[in-house]
A.B. asks: 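Please find one structure pasted underneath; my questions will follow.
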Number of protein chains: 2
Amino acid sequence: MTLQRRAVLEVLLARDDHPTADQVVEDLAARGVSGVSRATVFRALELFAERGIVARVCHPGAAARYEVRTHRHHHLVCDVCGKITDFDDDALSALQLPDLGSGGFRARDFSVHVRGLCADCAREQDHELRNEEP
Amino acid sequence: MTLQRRAVLEVLLARDDHPTADQVVEDLAARGVSGVSRATVFRALELFAERGIVARVCHPGAAARYEVRTHRHHHLVCDVCGKITDFDDDALSALQLPDLGSGGFRARDFSVHVRGLCADCAREQDHELRNEEP
DNA sequence: ATCTCATATGAGACAAGATCGCAACCCGTG
DNA sequence: CACGGGTTGCGATCTTGTCTCATATGAGAT
């Protein structure tokens with residue numbers, strides 16, 4: 001655990017959204033943590049993900065996004081704009097996973113991904129329909 | 001619905017995994033469907049995703065992956081190698097989602113993502129541990 | 001069948017995102 | 001203090017995805 005890696009973790013902990021690697025780099029710069037190179041941030045995030053410390057988030061955009069795994073939560077993913085929103089639900093979080101051992105998969109955690117339209121895109125779509133069929 | 005888009009859909013239907021856009025391009029070429037440009041494939045996949053015909057899969061790697069939405073299923077995602085495996089589970093598929101209406105989100109479907117180590121990476125990790133502590 | 005017009009396509013340039021190679025460096029050990 | 005493994009930084013490089021714009025195509029009306 002080096003200084004740079006600790007700094008990356010701290011930045012992640014300080015956010016409650018899903019930053020991209022480059023956003024982490026920016027945050028580091030903003031904090032005055034000078035000279036943590038991009039490559040290092042990528043490597044650190046990769047390492048954390050392998051260790052299960054952070055999770056790679058489903059990212060419909062081009063950039064990989066990461067989040068610290070604090071508590072179990074779930075995601076709303078917009079099919080149109082790609083926005084990801086977290087939500088909590090105790091019932092979902094209490095789910096019992098089926099036995100996956102047969103395939104040799106070693107589960108660490110799970111989350112439920114709900115695809116659909118976010119509020120903004122749903123509204124926009126409604127407007128379009130109205131314009132086409134007045 | 002154009003010829004090109006239909007070809008993209010057919011390629012997706014012919015696979016049971018989660019190809020990237022470029023893999024679709026390769027498949028098209030392999031099928032002899034000459035001259036469907038990369039840009040068109042990207043646009044078609046984007047369009048299908050917006051319409052809910054295909055789903056962007058949670059993709060830990062750098063490239064976006066797509067799958068045709070046939071039946072509801074779930075995913076095992078390896079934290080180390082990023083491999084994604086489908087699995088079926090009737091109990092999970094029968095889940096009742098909580099009411100998300102309050103946030104204005106319009107759900108279309110959901111899937112459960114299980115993070116962890118795939119069989120190969122779990123075995124490899126075991127070997128490493130054994131080497132370090134003989 | 002033909003016309004018309006909005007829309008989709010193709011090709012390549014371009015931008016962003018991610019990775020790689022290698023030399024320099026740090027740090028705990030012997 | 002030298003050693004060795006692992007980490008870092010920098011720049012080069014590769015991959016992924018988007019953009020532009022002239023041209024081709026689709027679908028409905030005639």
Side-chain angles (χ1 to χ4, degrees), chain A residues 1-12 18-29 31-51 53-67 79-84 128 131-133, chain B residues 1-12 18-29 31-51 53-67 79-82 84 128-129 131-133:
Chain A
M1 179 57 76
T2 65
L3 284 178
Q4 291 84 345
R5 290 182 187 169
R6 189 170 297 280
V8 169
L9 248 194
E10 279 175 15
V11 164
L12 276 184
H18 320 99
T20 66
D22 279 322
Q23 283 175 315
V24 172
V25 174
E26 288 169 18
D27 277 19
L28 284 171
R31 280 177 171 236
V33 181
S34 61
V36 178
S37 80
R38 237 165 69 90
T40 299
V41 172
F42 276 93
R43 282 183 289 225
L45 291 172
E46 175 76 12
L47 181 76
F48 292 154
E50 285 190 11
R51 297 285 211 280
I53 301 167
V54 306
R56 276 180 272 246
V57 181
C58 177
H59 51 109
R65 310 183 101 90
Y66 298 84
E67 71 182 357
D79 281 341
V80 175
C81 68
K83 194 172 71 177
I84 299 176
E128 283 178 14
N131 293 339
E132 287 167 7
E133 306 162 10
Chain B
M1 178 56 73
T2 65
L3 284 176
Q4 290 86 345
R5 290 182 185 170
R6 189 170 296 281
V8 169
L9 249 194
E10 281 176 11
V11 164
L12 275 184
H18 320 99
T20 65
D22 279 321
Q23 284 176 316
V24 171
V25 173
E26 288 169 19
D27 277 21
L28 284 170
R31 282 180 170 231
V33 181
S34 61
V36 178
S37 80
R38 234 165 67 90
T40 299
V41 172
F42 276 92
R43 283 182 291 224
L45 290 173
E46 174 75 13
L47 181 75
F48 291 154
E50 285 192 12
R51 297 286 212 279
I53 300 167
V54 307
R56 276 182 271 248
V57 180
C58 177
H59 50 106
R65 294 172 178 280
Y66 297 85
E67 72 182 358
D79 280 340
V80 175
C81 69
I84 299 176
E128 282 177 15
L129 288 179
N131 291 341
E132 288 168 7
E133 306 163 8

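We name chains A, B, ... by the order of the sequence lines, and we start the count at 1 in each one.
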A.B. asks: Please name all residues satisfying side chain to side chain contact (heavy atoms under 4.5 Å, CB included) with I53(A), sequence neighbours left out, ordered by chain then number.
C.D. replies: L9(A), F48(A), R51(A)

A.B. asks: Could you run down the sub-3.5 Å N/O contacts of the protein with nucleotides 26-29 of chain C?
C.D. replies:
none

A.B. asks: Take the protein atom CZ of R5(B) and the nucleotide atom P of dG10(C), then report the distance between them rounded to whole Å.
C.D. replies: 11 Å

A.B. asks: Tell me, please, which residues at least two apart from T20(B) pass side chain to side chain donor-acceptor pair (under 3.5 Å).
C.D. replies: none

A.B. asks: Taking only residues two or more places apart in sequence, or in another chain, which ones meet E67(A) in a salt bridge (Lys or Arg N to Asp or Glu O under 4.0 Å)?
C.D. replies: none

A.B. asks: Side chain to side chain contact (heavy atoms under 4.5 Å, CB included) with A62(B): which residues, sequence neighbours excluded?
C.D. replies: none

A.B. asks: Sequence neighbours excluded, which residues qualify as salt bridge (Lys or Arg N to Asp or Glu O under 4.0 Å) partners of R56(B)?
C.D. replies: E46(B)

A.B. asks: Going by the rule salt bridge (Lys or Arg N to Asp or Glu O under 4.0 Å), which residues pair with R38(A) if we only count those two or more places apart in sequence or in a different chain?
C.D. replies: D22(A)

A.B. asks: Taking only side-chain N and O atoms of T40(B), does any of them lie within less than 4.0 angstrom of OP1 or OP2 on dG10(C)?
C.D. replies: yes

A.B. asks: Output yes when a side-chain donor or acceptor of R65(A) lies under 3.5 Å from a complementary backbone atom of H18(A), and no otherwise.
C.D. replies: yes

A.B. asks: Measure CG/L47(B) against P/dA8(C) and give the value in whole Å, please.
C.D. replies: 8 Å

A.B. asks: So does Q4(B) get a side-chain nitrogen or oxygen closer than 4.0 Å to the phosphate oxygens (OP1/OP2) of dG10(C)?
C.D. replies: yes

A.B. asks: Could you work out, with salt bridge (Lys or Arg N to Asp or Glu O under 4.0 Å) as the rule, every residue matching R31(B), not counting sequence neighbours?
C.D. replies: E10(B)

A.B. asks: Please tabulate the protein-to-nucleotide N/O contacts below 3.5 Å involving nucleotides 12-19 of chain D, giving atom names and distances.
C.D. replies:
residue: dG17(D); atom: OP1; partner: A64(B); partner atom: N; Å: 2.5
residue: dG17(D); atom: N7; partner: R38(B); partner atom: NH2; Å: 2.3
residue: dG17(D); atom: O6; partner: R38(B); partner atom: NH2; Å: 3.2

A.B. asks: Look at T2(B) and dT7(C) and indicate whether a side-chain polar atom (N or O) is within less than 4.0 Å of OP1 or OP2.
C.D. replies: no

A.B. asks: For the pair made of CZ in R6(B) and C1' in dA8(C), what is the distance, rounded to whole Å?
C.D. replies: 15 Å

A.B. asks: Whole-Å distance between dG17(C) P and R56(A) CZ?
C.D. replies: 17 Å

A.B. asks: Please list, chain by chain and in numerical order, all residues satisfying side chain to side chain contact (heavy atoms under 4.5 Å, CB included) with A29(A), sequence neighbours excluded.
C.D. replies: none

A.B. asks: How bent is the helix from dA1(C)-dT30(D) to dG30(C)-dC1(D), measuring the angle between the end axes built from five pairs each, rounded to 10°?
C.D. replies: 30°

A.B. asks: Whole-Å distance between dT19(C) C1' and E50(A) CD?
C.D. replies: 14 Å

A.B. asks: Once you round to the nearest 0.5 Å, how far does CD of Q23(B) lie from OH of Y66(B)?
C.D. replies: 12.5 Å

A.B. asks: Applying side chain to side chain contact (heavy atoms under 4.5 Å, CB included), can you list everything that pairs with L28(B), at least two apart in sequence or on another chain?
C.D. replies: A7(B), V8(B), V11(B), V24(B), V33(B), V36(B), V41(B)

